Amino acid sequence: MSKEKHLNAKQKAYAEKQEKEGRKVVNWIFGILILFAIAFCAYTIYNFA
């Protein structure tokens, strides 16, 4: 039997909330990394061109 069958409604709601918040954090991290990559590309192009 899966673990989720044993969770009650409150626990399921909490797990879904945690998953949403985790995805939000991951999206922020990727967004910041992309911005840094773009800034680094611009820096290298303007310094060595």
Side-chain angles (χ1 to χ4, degrees):
M1 293 188 149
S2 71
K3 187 176 181 181
E4 290 203 15
K5 287 184 181 179
H6 297 291
L7 298 178
N8 64 26
K10 193 173 187 179
Q11 289 170 324
K12 284 182 184 178
Y14 179 75
E16 288 175 11
K17 181 180 174 187
Q18 289 291 98
E19 185 178 347
K20 257 186 174 178
E21 288 179 8
R23 286 179 191 256
K24 190 184 296 185
V25 169
V26 170
N27 287 340
W28 271 102
I29 291 170
F30 278 123
I32 290 169
L33 286 174
I34 289 169
L35 285 176
F36 279 138
I38 292 170
F40 180 72
C41 288
Y43 171 77
T44 56
I45 288 169
Y46 290 121
N47 272 349
F48 301 115

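A quick note: this is a predicted structure, and the numbers were derived from the prediction, not measured.
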- Message: Under 4.0 Å between a side-chain nitrogen and a carboxylate oxygen: does that hold for Glu16 and Lys12?
- Response: no
- Let me know which of Gln18, Arg23, Glu19 forms a side chain to side chain contact (heavy atoms under 4.5 Å, CB included) with Glu21. Gln18
- Query: Just by distance, do the side chain of Gln11 and the backbone of Asn8 share a donor-acceptor pair under 3.5 Å?
  - Reply: yes
- Rounded to the nearest 0.5 Å, the CG atom of Leu33 sits from the CH2 atom of Trp28 at a distance of 13.0 Å
